[in-house]
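Note sheet for the following structure.
Each ligand, and each atom within it, is numbered from 1 in the order the structure gives.
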Amino acid sequence: MLRKVLVANRGEIAVRVLQSLREVGIPSVAVYSDPDRQALHARLADESHRLEGASAAETYLNADRLVEVARECGAEAVHPGYGFLSENAEFAAKLEAAGIRLIGPSSQVIAAMGDKVTAKQVMEEAGVPVVPGWTGDVSALAEARRAAEGLGYPILVKAAAGGGGRGMRRVDTPAGLEAAIADARSEAEKSFGDGRVFLEKYLERPRHVEVQIFGDRHGAAVHLFERECSVQRRHQKIIEESPSPALDPDLRARMGEAAVRAAQALGYENAGTVEFILDAQRNFYFLEVNTRLQVEHPVTELVTGLDLVRAQFAIAAGQPLPFRQEELKQEGHALECRVYAEDPSRGYLPSTGRIQVYRAPAGPGIRVDSGVEEGSEVTIHYDPLLAKLIVWAEDRPSALARMDLALSRFVILGVRTNIPFLRNLIRHPSFATGDLHTHFLDEHAIAPAPPGVLQEALLVAGWAATERPTVAAGNRPSRSGAGARPSPWLEAGNWRLA
Ligand code: ADP
Ligand code: ADP
Ligand code: MG
């Protein structure tokens, strides 16, 4: 096993990784920025080191500083989580040079997959279907126009270095092409320091279906089935699930095989995700490989019964894959909702402040991966993802009912969250029938939430009524109607409620 692991991240994913480190008994190291001095992740590790500053650039994106901390504390490996430096080939190369292992694939694989143009070429050669596109020089506008006509509008201008949904522009008519290229280029230049763009056929109402892969140093590769992540806002996933309601066993097997072929073509080591886009005719096309653990990995954990982070540690330590393809099973149905500090009724404006009340739901089949607790400060410096609510049940309708219940019991006060919006979303009839596509939120007007003050008052009232019974209340007719029996626990006396 690994001797010591540094977690180069924050929030819920750092907490998640630290928990598995503790379970397997690997000494853990956290890093924290100045605003994160009191953060949950900084307190859960065996040792924590300060990254001076507040901005992401000064702290969690500061590759040199992170390598220095890893070296000083004697970490054998670094877990990068997702976001930040997780897909940064230079960071991976710096760690390699310092003799520290990245829990992920090699810097060469990260670099190759970080470039969408290279990635598409590799996949095409490996026989994996890719979205029809054109990767010529877009500054030769006449050629770009001809290529776009050839693909047929609408098309998508896409950044080669893209990620997080940035650097993409849809073009519906030839008249819009030049401006879209200029826009995508400048956004890509700003976000990634790399303005290269290419053209892709734009698929209408597609589904986003991705396959979890794992490979080891000894040449073995498997897939852990699919996740559907079609419900997106600005190309960012909001709800994820497994299995995908769109797949049958045959299509699932073909997509799984294509993903394994991709892993083998790359000599892929550790966890990764092959993203596909699925059109209305059920053709699937390669989108990209995410060379890291994905935000939505818990849905795969719940349907396979595996701890993907533990598997990552084993593979990074040089062990063979802990599972063979024939042994893997996809059982029941899992759903994940991303809980953000944002206000859907005000254009999804990020919401900051102190979390005054935090009550996470619990119960059979309910999992909450959270980076916050009561008293946590939510700042403007980082991603507004607070927590992920994941549920498992025998089938999709039961999982939806369970998610509905769990959302109704999730109380976060002090910052605005998208919880009421998520609840309206999963209750939508088209969500229930599984008729999902990447424009779901454009086509269906999902109510953001009841007005703020009312909503909070209701939450507090509901919380007080359901969660804080008193002995005195138990002696009166209960909420459920006159004459109802008091809770049997109340008869046990005061000590029960202490
Ligand atoms: P996943 O594919 O795991 O769902 P996302 O694409 O939603 O991941 O990205 C995960 C996190 O990483 C998000 O917070 C996103 O904003 C951030 N992210 C993704 N790509 C980049 C990038 N190239 N640069 C900076 N942040 C990124
Ligand atoms: P990123 O690296 O930013 O995650 P992706 O290539 O994975 O970029 O695409 C993100 C999302 O954008 C997809 O999930 C899908 O919703 C949309 N998208 C990407 N390519 C296409 C396409 N050719 N046609 C339609 N939608 C697309
Ligand atoms: Mg993507």
Side-chain angles (χ1 to χ4, degrees), residues 82-84 86-89 110-124 128-135 147-148 150-172 180 183-185 187-188 190-192 194 196-213 226-241 244 246 255 259 262 271-281 283-297 338 383 436-443:
Y82 56 73
F84 295 123
S86 61
E87 294 184 276
N88 186 307
I110 296 175
M113 294 301 102
D115 183 323
K116 288 187 202 285
V117 173
T118 311
K120 284 182 81 161
Q121 276 160 5
V122 173
M123 292 308 145
E124 218 167 356
V128 177
V130 301
V131 187
W134 181 73
T135 54
L151 292 170
Y153 286 89
I155 61 147
L156 192 61
V157 183
K158 233 171 162 175
R166 271 163 298 166
M168 270 191 258
R169 290 290 181 282
R170 176 189 165 136
V171 192
D172 290 299
D183 281 1
R185 272 181 120 154
E187 187 172 308
K190 253 186 263 146
S191 307
F192 316 111
D194 178 350
R196 287 174 306 130
V197 297
F198 63 101
L199 308 184
E200 218 170 54
K201 171 88 191 146
Y202 189 88
L203 303 175
E204 301 277 6
R205 287 179 113 246
R207 302 174 83 116
H208 174 116
V209 180
E210 60 187 32
V211 179
Q212 175 72 51
I213 55 165
E226 82 281 7
R227 293 181 289 255
E228 170 146 15
C229 322
S230 297
V231 180
Q232 305 180 345
R233 197 179 71 82
R234 297 213 194 129
H235 308 298
Q236 281 274 16
K237 303 155 186 169
I238 300 177
I239 297 188
E240 301 99 343
E241 62 185 299
S244 160
M255 292 182 77
T273 295
V274 185
E275 295 191 330
F276 295 104
I277 195 160
L278 185 68
D279 73 12
Q281 289 72 47
N283 300 305
F284 64 90
Y285 304 97
F286 169 80
L287 266 185
E288 64 164 343
V289 177
N290 288 327
T291 52
R292 55 171 162 90
L293 191 70
Q294 207 93 340
V295 175
E296 55 273 21
H297 76 276
R338 298 191 187 191
D383 195 280
L436 311 178
H437 53 84
T438 58
H439 301 293
F440 190 91
L441 293 180
D442 306 321
E443 271 183 28

Seminar exercise, completed: Taken in chain and number order and not counting sequence neighbours, the residues that satisfy salt bridge (Lys or Arg N to Asp or Glu O under 4.0 Å) with Arg233 are none

Exercise. With sequence neighbours left out, what residues match Lys201 under salt bridge (Lys or Arg N to Asp or Glu O under 4.0 Å)?
Worked result: none

Exercise. Short list, please: which atoms of ligand 2 are under 4.0 Å from a heavy atom of Ile277?
Worked result: 21 (C), 22 (C), 24 (N), 25 (C), 26 (N), 27 (C)

Exercise. If you check every N/O/S atom of Glu288, which is the one nearest the Mg ion (ligand 3)?
Worked result: OE2

Exercise. Going by the atom numbers of ligand 2, which of them fall below 4.0 Å from some non-hydrogen atom of Thr438?
Worked result: 16 (O)

Seminar exercise, completed: Which atom of Glu275 is nearest the Mg ion (ligand 3), counting N, O or S only? It is OE1

Exercise. In ligand 2, which numbered atoms sit nearer than 4.0 Å to a non-hydrogen atom of Tyr202?
Worked result: 24 (N), 25 (C), 26 (N)

For this session: Using a strict cut-off of 4.0 Å, indicate which atoms of ligand 2 neighbour a heavy atom of Leu287.
Result: 6 (O), 7 (O), 13 (C), 19 (C), 20 (N)

Exercise. Is it true that a side-chain atom of Lys120 and a backbone atom of Val131 form a donor plus acceptor pair closer than 3.5 Å?
Worked result: yes

For this session: Look at atom 10 (C) of ligand 2 and find which of Glu87, Met168, Glu288 reaches it with the closest heavy atom.
Result: Met168

Exercise. Below 4.0 Å from any atom of ligand 2, is there a heavy atom belonging to Arg170?
Worked result: no

Problem set entry | Worked check of side chain to side chain contact (heavy atoms under 4.5 Å, CB included) between Thr273 and His297 | CA-CA 9 Å; Thr273 295; His297 76 276; over 6 Å; no

Exercise. Which atoms of ligand 2 have any heavy atom of Gly162 under 4.0 Å away?
Worked result: 2 (O)

Exercise. Do Leu441 and Ile238 pass the side chain to side chain contact (heavy atoms under 4.5 Å, CB included) test, and can you show the C-alpha distance, the side-chain angles, and the key distance before you say yes or no?
Worked result: CA-CA 10 Å; Leu441 293 180; Ile238 300 177; 3.5 Å; yes

Exercise. Is there a heavy atom of Lys237 sitting under 4.0 angstrom from any atom of ligand 2?
Worked result: no

Problem set entry | N or O pair under 3.5 Å between Leu156 and ligand 2 | no

For this session: State the atoms of ligand 2, each with its element, that fall below the 4.0 Å cut-off from a heavy-atom position in Lys158.
Result: 6 (O), 19 (C), 20 (N)

Exercise. Are any of the N or O atoms of Lys201 closer than 3.5 Å to those of ligand 2?
Worked result: yes

Exercise. Can you find an N/O atom of Leu203 closer than 3.5 Å to an N/O atom of ligand 2?
Worked result: yes

For this session: Output the list of atoms in ligand 2 that are nearer than 4.0 Å to some heavy atom of Glu275, sorted by atom number.
Result: 7 (O)

Exercise. In terms of side-chain geometry, is the basic nitrogen of Glu210 or Lys237 positioned less than 4.0 Å from the acidic oxygen of its partner?
Worked result: yes

Exercise. Ion pair present between Lys116 and Glu200, side-chain N to carboxylate O less than 4.0 angstrom?
Worked result: no

For this session: Considering only NZ, NE, NH1 and NH2 on the basic side and carboxylate oxygens on the acidic side, decide whether Arg292 and Glu87 come within less than 4.0 Å.
Result: yes

For this session: Heavy-atom contacts with Gly163 under 4.0 Å: which atoms of ligand 2 show up? List them by number with element.
Result: 1 (P), 2 (O), 3 (O)

Exercise. Would Tyr285 and Leu203 count as a side chain to side chain contact (heavy atoms under 4.5 Å, CB included) if you check the C-alpha gap in whole Å, the side-chain angles of each, and the deciding distance to 0.1 Å?
Worked result: CA-CA 10 Å; Tyr285 304 97; Leu203 303 175; 3.7 Å; yes

Exercise. Which of parallel (below 30°), tilted (30 to 60°) and perpendicular (above 60°) describes Phe276 and Phe284?
Worked result: perpendicular

